[in-house]
Amino acid sequence: MQVSILCGGKSSRMQSEKGLVLYQNKPFIAHIIEAVLPISSNIQLITNTNDYDYLAYKKIKDIVVHKGPLGGIYTALVHSETEMNLILSCDIPLISTEILLELIENHGTNFEVSVFKDTDRIHPLIGIYATSLIPVLKKAIAANDLKMMRFISNVKHQLIPIPNAKRHLFKNINSVAELNELNTNLS
């Protein structure tokens, strides 16, 4: 399975490259890669910066820039060697191998997208995406229709419920305040 970690975004609320923010003395990206490696070593980073050059994984620049997560997913799928692809954001340092395996095991092959859902939100950047979506993504990007939820609702998708006990593992850390809260909860 191809794994693509989206390392793009403006990171305006974090004020630094999100994937390189430290949590427990390691960059977020290191936590994510550790969770992924028991599943696949076929990892690529979607990034428009050289900040990740120290990592030995393939780095790919966005095909179309400034198109948000949809643009990153499009780039990931165009450069994929597999039909099913694990797509992750770079701001989920608590993600675990167990959660990723749960996603893979619950993915129905008749779906183009499988993502997690908890009581109040969907997590589109912890998901499985099929390369068959490339034409649909290309059309959405051309129309500048970049809303993730609208995209997912318009394709064959599956929402996998998250048990309440695991909700904290899905936390996106997008700001300095959220990072401080995460570090406070750790101690």
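The first residue in the sequence is number 1, and the count goes up from there. Small disclaimer: the values here were computed from a predicted structure and weren't measured.
- The nearest pair of heavy atoms linking Pro38 to Ala35 is CD-O, 3.5 Å.
- Considering all non-hydrogen atoms of both residues, Pro93 and Leu182 come closest at CG-CD2, 4.1 Å.
- Heavy-atom contacts from other residues, nucleotides or ligands closer than 6.0 Å to NZ of Lys138 number 12 or fewer.
- No path of Ile, Leu, Val, Met, Phe, Trp and Tyr side chains, each step under 4.5 Å between heavy atoms, connects Ile43 with Leu77, placing them in separate hydrophobic clusters.
- For Ser41 (side chain) and Leu37 (main-chain N/O), no donor-acceptor pair under 3.5 Å exists by modelled atom type.
- Phe111 and Tyr129 fall into different hydrophobic clusters, where Ile, Leu, Val, Met, Phe, Trp and Tyr are joined by side-chain heavy atoms under 4.5 Å apart, directly or via other members.
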> Please walk me through it: do Glu178 and Lys171 pass side-chain contact (heavy atoms from CB on, under 4.5 Å)?
Replying inline: CA-CA 9 Å; Glu178 290 173 350; Lys171 179 94 174 115; 4.1 Å; yes
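- For Ser89 and Asp91, the side-chain atoms include at least one donor-acceptor pair closer than 3.5 Å.
- Using cut-offs of 30° and 60° for the angle between ring planes, the His31 and Tyr23 rings count as tilted.
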>> Apply side-chain contact (heavy atoms from CB on, under 4.5 Å) to residues Val155 and Leu133 and explain how you reach the verdict.
In response: CA-CA 8 Å; Val155 298; Leu133 292 167; 3.7 Å; yes
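- In this structure a side-chain-to-backbone donor-acceptor pair under 3.5 Å is missing from Ser80 to Ala76.
- Between the side chain of Lys156 and the backbone N or O of Asn110 there is at least one donor-acceptor pair closer than 3.5 Å.
- Screening Asp62, Ile134, Ile46 for a side chain to side chain contact (heavy atoms under 4.5 Å, CB included) involving Tyr74 leaves a single residue, Ile134.
- Closest of all the heavy-atom pairs between Pro124 and Met149 is CG-CE, 3.3 Å.
- Taking CD1 from Ile60 and OG from Ser4, the interatomic distance works out to 6.5 Å, rounded to the nearest 0.5 Å.
- Remark: of the listed residues Ile92, Leu179, Leu94, Leu179 is the sole one forming a side chain to side chain contact (heavy atoms under 4.5 Å, CB included) with Ile173.
- Distance check: Ile87 CD1 to Leu125 CG gives 8.5 Å after rounding to the nearest 0.5 Å.
- Heavy-atom minimum distance, Leu100 versus Leu88: CD2-CD2, 3.8 Å.
- Rounding to the nearest 0.5 angstrom, the gap separating the CD1 atom in Ile33 from the SG atom in Cys90 is 11.0 Å.
- Inter-residue side-chain proximity for Met84 and Ile104 is flagged as unmet; no heavy-atom pair is nearer than 4.5 Å.
- Applying the salt bridge (charged side-chain N to carboxylate O under 4.0 Å, His left out) test to Glu34 and every residue at least two apart in sequence or in another chain returns Lys26.
- Using bins of under 30°, 30° to 60° and over 60° for the plane-to-plane angle, the ring pair Phe170/His123 lands in the tilted bin.
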>> Test side-chain contact (heavy atoms from CB on, under 4.5 Å) on Leu20 and Phe28; report intermediate values, then the result.
In response: CA-CA 6 Å; Leu20 300 176; Phe28 285 5; over 6 Å; no
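- Atom CG in Leu159 sits 12.0 Å away from atom CG in Asn106 (nearest 0.5 Å).
- Contacts of Arg121 classified as salt bridge (charged side-chain N to carboxylate O under 4.0 Å, His left out), with partners at least two apart in sequence or in another chain: none.
- Looking at Lys67, its side chain never comes within 3.5 Å of a backbone N or O of Ile63 through a donor-acceptor pair.
- Taking all atoms of both residues into account, the shortest heavy-atom contact from Asn174 to Asn172 is ND2-CB, 3.5 Å.
- At most 12 non-hydrogen atoms from other residues, nucleotides or ligands lie less than 6.0 angstrom from NZ of Lys147.
- The shortest side-chain heavy-atom distance between Phe151 and Ile73 does not fall under the 4.5 Å cut-off.
- Judged by distance alone, with hydrogens and angles left aside, the side-chain atoms of Thr82 form no donor-acceptor pair with the main-chain N or O of Asn85 at under 3.5 Å.
- Note on Val136 and Val78: same hydrophobic cluster, where clusters join Ile, Leu, Val, Met, Phe, Trp and Tyr whose side-chain heavy atoms are under 4.5 Å apart, directly or indirectly.
- Of the possible donor and acceptor atoms, none in the side chain of Gln44 sits under 3.5 Å from a partner among the backbone N and O of Lys58.
- One hydrophobic cluster holds both Ile5 and Leu86 under the rule that ILVMFWY side chains link at heavy-atom gaps under 4.5 Å.
- Using modelled atom types, no side-chain atom of Lys166 and backbone atom of Asn164 make a donor-acceptor pair closer than 3.5 Å.
- Here Leu103 contributes atom CG and Gln158 contributes atom CD; the two are 8.5 Å apart, rounded to the nearest 0.5 Å.
- Cluster annotation: Val3 is connected to Leu45 through the hydrophobic network of ILVMFWY side chains, with a link wherever side-chain heavy atoms come within less than 4.5 Å.
- Two residues are said to be in side-chain contact when any heavy atoms from C-beta on lie closer than 4.5 Å; Leu146 and Ile141 meet this criterion.
- The backbone N or O of Ile128 lies less than 3.5 Å from no partner atom in the side chain of Ser114, so there is not a single donor-acceptor pair.
- By the 6.0 Å contact criterion, CG on Asp120 is enclosed, its count of non-hydrogen atoms from other residues, nucleotides or ligands being greater than 12.
- Ile152 contributes atom CD1, which lies 8.5 Å from atom CG of Leu70 (distance to the nearest 0.5 angstrom).
- Asp51 and Tyr54 get closest at one heavy-atom pair: O-CD2, 3.5 Å.
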